[in-house]
*Asks:* 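Mind looking over this structure? Questions follow.
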Amino acid sequence: MTTPEFASNRENFCYRHPDRQSFVLCQRCTRTICPECMTQAPVGVICPECMAAERKNRTPAQKRAQRQWRRRSPAALSAVQAGKPVVTYGIIAVTAFVYLLQLVPGFDVASLLRFWIGYLLPELSGAPFQPWRLVTAMLVHGGILHLALNMLALWMIGRQLEPMLGRWRFLTLYVLSGVGGSALFGILSPGSATVGASGAVFGLFGALLVIGLHIGANMTGLFVLLGINLVIGFVPGFGIAWQAHIGGAIVGALIGLIVLRTRKRSQRTAQILLLIGVAAALLLVVFVVAPWVLG
Ligand SMILES: [Zn+2]
Ligand SMILES: [Zn+2]
């Protein structure tokens, strides 16, 4: 897989903007389109030409329904239809809100949400069984700098990656990468608890790296951002877990590869099954491999 080879492949460029790299295919004509050329349709994203063709083929009743729907849809729905990265903004809003809760004196939200492998293995640890902590740990942060760096990376990558992947695939990538980070941390560092979106954010890095290398994109900005995040991870006393970074990056790269290899509409079922497979493998790691390693 050499970058120049992919960079010279026309299939890695938008057919309407030959200078823009992308890996997303129109789900109707299967040509490559850039984020600007994508319109959300019930089948996935489609290109402007196919959009025009669909419009022309609509019956008068369908046109009327479409107009009424537009008029009634609230702002949030309009944002969704306009292809804004609403999942990215939503995760940032929820994470910032949880951080504000962390600042409330006497309400220890961090100890309610943080992850420790013992909460998954009550027979070994004697702790209560609280598996949701695999996910909720992503919402809690060790300090304002930790929060700011993660949300900055999420904002920068999410605006780029979410329109390409689509909302559900992006959310799946974020959550499963976070779980992957917690899982690896739990196995390698069973004595301690972890918080933060770092695993999930490193999953975004991993996915974007795989996709970017494939289409031959210029990734200098990505490497700078990645470098800052890596350096911060080794600052003593900062409490950021490199194990979670690696776990998240592995899961993210894997999901990036799956999405890249199953871009066509006909491969949709295969893609969903493969993503479910990743989720199942993570559950296998935390509920079967972890007790075997730690027990
Ligand atoms: Zn098309
Ligand atoms: Zn384009």
*Asks:* Does the side chain of I211 come within less than 4.5 Å of L165's, by heavy atoms?
*Replies:*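 Heavy-atom side-chain distance check passes, below 4.5 Å.
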*Asks:* Might you point out which heavy atoms bring C14 and C37 nearest each other, and give the distance in Å?
*Replies:* SG-SG, 3.7 Å
*Asks:* Measure the shortest side-chain to side-chain distance between L294 and L121 over non-hydrogen atoms and say whether it is less than 4.5 angstrom.
*Replies:* yes
*Asks:* If you round to the nearest 0.5 Å, how far is CG of D108 from CG of L113?
*Replies:* 9.5 Å
*Asks:* Begin from the C-alpha positions of E162 and V86 and carry the test side chain to side chain contact (heavy atoms under 4.5 Å, CB included) through to its verdict.
*Replies:* CA-CA 9 Å; E162 187 181 331; V86 286; 4.2 Å; yes
*Asks:* Are T95 and H141 side-chain neighbours, meaning at least one heavy-atom pair lies under 4.5 Å?
*Replies:* yes
*Asks:* V179 and F129: same hydrophobic cluster, using ILVMFWY side-chain contacts below 4.5 Å?
*Replies:* yes
*Asks:* What pair of heavy atoms forms the shortest contact from A279 to L176, and how long is it?
*Replies:*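 In terms of heavy atoms, the two residues are closest at CB-CD2, 4.0 Å.
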*Asks:* Going through the distances and angles, do L161 and L173 end up as a side chain to side chain contact (heavy atoms under 4.5 Å, CB included)?
*Replies:* CA-CA 10 Å; L161 207 53; L173 166 68; 3.7 Å; yes
*Asks:* Is there a side-chain contact between H17 and I33, using heavy atoms and a 4.5 Å cut-off?
*Replies:* no
*Asks:* Find the distance between CG (L139) and CD1 (I91) and round it off to the nearest 0.5 Å.
*Replies:* 9.0 Å
*Asks:* May I have the step-by-step check of side chain to side chain contact (heavy atoms under 4.5 Å, CB included) for L149 and I228, ending in yes or no?
*Replies:* CA-CA 9 Å; L149 273 172; I228 294 171; 3.9 Å; yes
*Asks:* How long is the straight-line distance from CD1 of I255 back to CZ of R169, given to the nearest 0.5 Å?
*Replies:*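 Spacing of CZ (R169) from CD1 (I255) equals 12.0 Å.
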*Asks:* Any cation-pi pair here, R10 with F13, using under 6.0 Å and within 45°?
*Replies:*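 Yes, a cation-pi geometry.
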*Asks:* Taking the side chain as everything from C-beta on, heavy atoms only, tell me whether C47 gets closer than 4.5 Å to Y15.
*Replies:*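 Touching, per the 4.5 Å side-chain cut-off.
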*Asks:* Report yes or no: does Q243 contribute a side-chain atom to a donor-acceptor pair with the main-chain N or O of G181 at less than 3.5 Å?
*Replies:* no
*Asks:* If you look at every heavy atom in W132 and L112, which pair is closest and at what distance?
*Replies:* NE1-O, 4.4 Å
*Asks:* Show the numbers, then the answer: is there a side chain to side chain contact (heavy atoms under 4.5 Å, CB included) between C50 and Q27?
*Replies:* CA-CA 9 Å; C50 292; Q27 295 296 298; over 6 Å; no
*Asks:* On a heavy-atom basis, which atom in S22 and which in M38 lie closest, and how many Å separate them?
*Replies:* OG-CE, 4.4 Å
*Asks:* Tell me whether the rings of F202 and H245 are parallel (<30°), tilted (30 to 60°) or perpendicular (>60°).
*Replies:* parallel
*Asks:* Do M51 and L25 sit in the same hydrophobic cluster, where Ile, Leu, Val, Met, Phe, Trp and Tyr count as joined when their side-chain heavy atoms come under 4.5 Å apart?
*Replies:* no
*Asks:* Establish, yes or no, whether the cationic atom of R114 lies under 6.0 Å from the six-membered ring centre of W116 and within 45° of the ring axis.
*Replies:*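 That pair does not qualify as a cation-pi contact.
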*Asks:* So does F97 have more than 12 non-hydrogen atoms from other groups sitting under 6.0 Å from CZ?
*Replies:*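 Count not over threshold, so no.
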*Asks:* When you measure from the side chain of Q271 to the backbone N and O of I258, does any donor-acceptor pair fall under 3.5 Å?
*Replies:*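 No, the answer is negative, given that no donor and acceptor are paired below the 3.5 Å cut-off.
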*Asks:* Between Y174 and I276, is there shared hydrophobic-cluster membership here, with clusters defined by ILVMFWY side-chain heavy atoms closer than 4.5 Å?
*Replies:* no
*Asks:* Ring of Y119, cation from R133 - is the NZ or CZ under 6.0 Å from the centre and inside 45° of the axis?
*Replies:*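 Yes, R133 sits over the ring of Y119.
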*Asks:* Would a single hydrophobic cluster contain both V104 and V109, if residues Ile, Leu, Val, Met, Phe, Trp and Tyr are joined by side-chain heavy-atom contacts under 4.5 Å?
*Replies:*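 In one cluster: yes.
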*Asks:* Should we count CD of E11 as having more than 12 external heavy atoms under 6.0 Å?
*Replies:*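 For E11, atom CD is not crowded (no more than 12 foreign heavy atoms under 6.0 Å).
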*Asks:* Going by heavy atoms in the side chains, are F205 and I157 under 4.5 Å from each other?
*Replies:*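 They are in side-chain contact.
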*Asks:* Any chance you could measure L222, atom CG, to M156, atom CE, to the nearest 0.5 Å?
*Replies:* 9.0 Å
*Asks:* Could you please spell out the steps behind the side-chain hydrogen bond (donor to acceptor under 3.5 Å, both in side chains) verdict for Q267 and T262?
*Replies:* CA-CA 5 Å; Q267 296 168 313; T262 55; 5.5 Å; no
*Asks:* Main chain of V210, side chain of H214: is a donor-acceptor contact present, judged purely on distance under 3.5 Å?
*Replies:* no
*Asks:* If you round to the nearest 0.5 Å, how far is CD of Q40 from CD1 of I46?
*Replies:* 10.0 Å
*Asks:* Give every donor-acceptor pair under 3.5 Å between a side-chain atom in residues 183-193 and any protein atom, sequence neighbours left out.
*Replies:*
unit_1 : atom_1 : unit_2 : atom_2 : d
S189   : OG     : S192   : OG     : 2.8

*Asks:* Please check if L103 and M151 belong to a single hydrophobic cluster, counting links between Ile, Leu, Val, Met, Phe, Trp and Tyr side chain heavy atoms closer than 4.5 Å.
*Replies:* yes
*Asks:* Treating R58 as the side-chain partner and R55 as the backbone partner, does any N or O pair qualify as donor plus acceptor under 3.5 Å?
*Replies:*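 It does not hold such a pair.
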*Asks:* Where do G158 and P163 come nearest, in terms of heavy atoms and distance?
*Replies:*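 Closest approach of G158 to P163: O-CD, 3.7 Å.
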*Asks:* Please collect all salt bridge (charged side-chain N to carboxylate O under 4.0 Å, His left out) contacts where either partner lies in residues 23-48, sequence neighbours excluded, each pair once.
*Replies:*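 Listed by first then second residue: R20-E36, R28-E54, R31-E49.
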*Asks:* Ignoring hydrogens and angles, tell me if any N or O in the side chain of R159 forms a donor-acceptor pair with the backbone of P85 under 3.5 Å.
*Replies:*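 Side chain of R159 to backbone of P85: no pair is present.
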*Asks:* Any side-chain heavy atom of F115 sitting closer than 4.5 Å to one from V195?
*Replies:*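 No, too far: nothing below the 4.5 Å cut-off.
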*Asks:* Answer whether the closest heavy-atom distance between the side chains of M219 and L213 falls below 4.5 Å.
*Replies:*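 Yes - at least one pair of side-chain heavy atoms lies under 4.5 Å apart.
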*Asks:* Rounded to the nearest 0.5 Å, what's the gap from CG on L120 to CG on L283? Could you check?
*Replies:*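 Result: 9.5 Å between the selected atoms.
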*Asks:* Indicate the atoms forming the closest heavy-atom contact of I144 with Y99, along with that distance.
*Replies:*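 The answer is N-OH, 3.2 Å.
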